[in-house]
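Side chains included, hydrogens not; waters and symmetry mates left out as well; all remaining heavy atoms used.
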Amino acid sequence: MEVDQSEQRTVTRLCIQCGLFLLQHGAESALVEELSTRLGRALGMDSVESAISSNAIVLTTIKDGLCLTSTRKNSDRGINMHVVTEVQHIVIMAEHKLLDHKDVAKRFAQIKPLRYPRWLVVLMVGLSCACFCKLNNGGWDGALVTFCASTIAMYIRQVLTHRSMHPQINFGLTAFVATTVSGLMLQLPAFHQTSTVAMAASVLLLVPGFPLINSVADMFKGHINTGLARWAIASLLTLATCIGVVMAMTLWGLRGWV
């Protein structure tokens with residue numbers, strides 16, 4: 001009996017660790033619930049029940065009528081689909097009996113979030129914002145303005161994130177920098193005829209698209225509380241961005257978006 005309880009306790013920890021990995025790195029609630037349940041059943045549990053919120057996860061495993069419950073606090077570690085994919089691979093391997101609970105624990109311990117070089121992220125973000133400006137009739141001069149402003153803004157965002165700045169303050173300051181750089185460049189004689197689309201495109205790196213998509217997906221799939229929480233966080237980030245843009249335009253007297 002003690003051996004069975006010890007194994008169930010281990011599997012319970014693995015299941016909630018699985019759910020926590022997914023929740024921390026941006027997976028939607030339905031996927032968190034599904035994969036943690038599949039892992040528990042693959043490792044011999046009769047049933048796995050979980051309750052997910054924006055800042056915690058509660059999970060219960062049932063084996064031969066014995067219930068074990070565990071709770072973990074969730075802390076956001078940024079969107080990282082590499083971690084989500086690795087967890088999915090581990091669950092699938094456990095379902096095919098290629099891994100037991102000891103192997104799963106070892107694989108979980110080896111998961112390291114994949115991070116691209118900071119310079120590459122800055123460059124690609126700048127190029128993507130510049131392309132959006134060009135596609136919206138901003139011209140090549142507008143694309144150049146957007147590229148310069150968004151690359152500087154993305155670098156500032158990375159620096160503030162590295163220093164654990166509060167997300168709302170981070171977004172506000174980044175939006176302020178992006179609008180300031182693009183707006184002041186548009187006042188130069190060389191860019192006097194440039195479309196103000198460049199100013200709008202330079203802050204696109206701050207659009208919280210992934211949290212908004214996840215929030216809608218959660219609410220459609222029955223996870224109302226988690227969906228509303230994610231929607232509220234995304235809305236606050238958008239509000240912080242708007243405040244940063246308005247502050248920059250007011251302080252420097254920049255012409256508005258057309």
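Considering all non-hydrogen atoms of both residues, Thr60 and Cys67 come closest at CG2-CB, 4.1 Å. In terms of heavy-atom proximity, Arg230 sits nearest to Ser215 at CB-CB, 3.8 Å. Of all heavy-atom pairs between Val84 and His25, the closest is CG2-O, 4.1 Å. Here the shortest heavy-atom pairing between Ser195 and Leu186 reads O-CD2, 4.2 Å. Across all non-hydrogen atoms, the minimal contact from Cys133 to Ala143 is SG-N, 3.8 Å. Annotation for Ala27 and Asn214: closest pair C-ND2, 4.2 Å, computed over non-hydrogen atoms.
Transitive grouping of hydrophobic side chains (ILVMFWY, heavy atoms separated by less than 4.5 Å) keeps Val58 and Val32 in distinct clusters. No chain of hydrophobic side-chain contacts below 4.5 Å, direct or via other Ile, Leu, Val, Met, Phe, Trp or Tyr residues, connects Met154 to Phe132. By the criterion of side-chain heavy atoms lying less than 4.5 angstrom apart, applied directly or through intervening Ile, Leu, Val, Met, Phe, Trp or Tyr residues, Val181 is grouped together with Val159 in one hydrophobic cluster. Hydrophobic clustering (ILVMFWY, side-chain heavy atoms < 4.5 Å, transitive): Ile57 and Ile79 are in one cluster. Connection of Ile243 to Leu204 is not established within any shared hydrophobic cluster, with ILVMFWY side chains joined at heavy-atom distances below 4.5 Å, either directly or through further cluster members.
Crowding of Lys102 atom NZ: a count of heavy atoms from other residues, nucleotides or ligands under 6.0 Å not exceeding 12. The number of heavy-atom neighbours closer than 6.0 Å to CG of Asp100, taken from other residues, nucleotides and ligands shown, is above 12. Other residues, nucleotides and ligands contribute more than 12 heavy atoms inside 6.0 Å of the CZ atom of Arg118. Summarising the local packing, CZ of Phe108 is surrounded by more than 12 heavy atoms from other residues, nucleotides or ligands at distances under 6.0 Å. Within 6.0 Å of the CE atom in Met247, the count of heavy atoms belonging to other residues, nucleotides or ligands does not exceed 12. In the displayed structure, Arg163 atom CZ is contacted under 6.0 Å by at most 12 heavy atoms of other residues, nucleotides or ligands. The environment of Met81 atom CE is dense: over 12 non-hydrogen atoms of other residues, nucleotides or ligands sit within 6.0 angstrom. In the displayed structure, Arg38 atom CZ is contacted under 6.0 Å by more than 12 heavy atoms of other residues, nucleotides or ligands.
Remark: the backbone N or O of Glu33 is paired with a side-chain donor or acceptor of Ser36 at under 3.5 angstrom. Between the side chain of Thr226 and the main chain of Ile52, a donor-acceptor pair closer than 3.5 Å is present. Judged by distance alone, with hydrogens and angles left aside, the side-chain atoms of Gln8 form a donor-acceptor pair with the main-chain N or O of Leu66 at under 3.5 Å. One N or O on the side chain of Asp46 and one on the backbone of Asp64 form a donor-acceptor pair closer than 3.5 Å. Between the Asn74 side chain and the Ser53 main chain, no donor and acceptor come within less than 3.5 Å of each other. Of the possible polar contacts, none joining the His96 side chain to the Leu98 backbone as a donor-acceptor pair under 3.5 Å is found. A donor-acceptor distance shorter than 3.5 angstrom exists from the side chain of Asn80 to the backbone of His82, with no hydrogens or angles considered. A donor-acceptor pair is defined here as one N or O able to donate and one able to accept, closer than 3.5 Å; such a pair exists between the side chain of Arg157 and the backbone of Leu205.
Side-chain atoms of Trp231 and Asp218, non-hydrogen and from C-beta on, never get closer than 4.5 Å to each other. When side chains are defined from C-beta on, Thr151 does not count as touching Trp119, because their heavy atoms never get closer than 4.5 Å. A 4.5 Å side-chain heavy-atom check between Lys63 and Glu7 finds every atom pair outside the cut-off. Put simply, the side chain of Pro113 does not reach to within 4.5 Å of the side chain of Arg77, judged on heavy atoms.
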Intermediate values then yes/no, side-chain contact (heavy atoms from CB on, under 4.5 Å), Leu239 and Ser235: CA-CA 6 Å; Leu239 176 62; Ser235 299; over 6 Å; no
Derivation and outcome, side-chain contact (heavy atoms from CB on, under 4.5 Å), residues Thr146 and Lys134: CA-CA 9 Å; Thr146 301; Lys134 182 65 175 67; over 6 Å; no
CA sep, side-chain torsions, deciding dist, call: Leu254, Leu184, side-chain contact (heavy atoms from CB on, under 4.5 Å): CA-CA 8 Å; Leu254 304 176; Leu184 293 181; 4.1 Å; yes
Check against side-chain contact (heavy atoms from CB on, under 4.5 Å), Leu237 and Gln168: CA-CA 5 Å; Leu237 293 177; Gln168 275 77 37; 3.6 Å; yes
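Defined by atom type and a distance below 3.5 Å, a donor-acceptor pair is present between the side-chain atoms of Asn170 and Thr161.
Note that CD of Gln193 and CG of Asp141 are 9.5 Å apart. Values are rounded to the nearest 0.5 Å. The distance from atom CD of Glu34 to atom OG of Ser29, rounded to the nearest 0.5 Å, is 12.5 Å. Atom CZ of Arg41 sits about 11.0 Å away from atom SG of Cys15, to the nearest 0.5 Å. The distance from atom OG1 of Thr12 to atom CE of Met45, rounded to the nearest 0.5 Å, is 6.5 Å. In this structure, the separation between CD on Glu95 and CD1 on Ile90 is 12.5 Å, given to the nearest 0.5 Å. To the nearest 0.5 Å, the span separating CH2 on Trp252 from CZ on Phe176 amounts to 6.0 Å.
Val177 pairs in a side chain to side chain contact (heavy atoms under 4.5 Å, CB included) with only one of the listed residues (Ile156, Leu160, Val203), which is Ile156.
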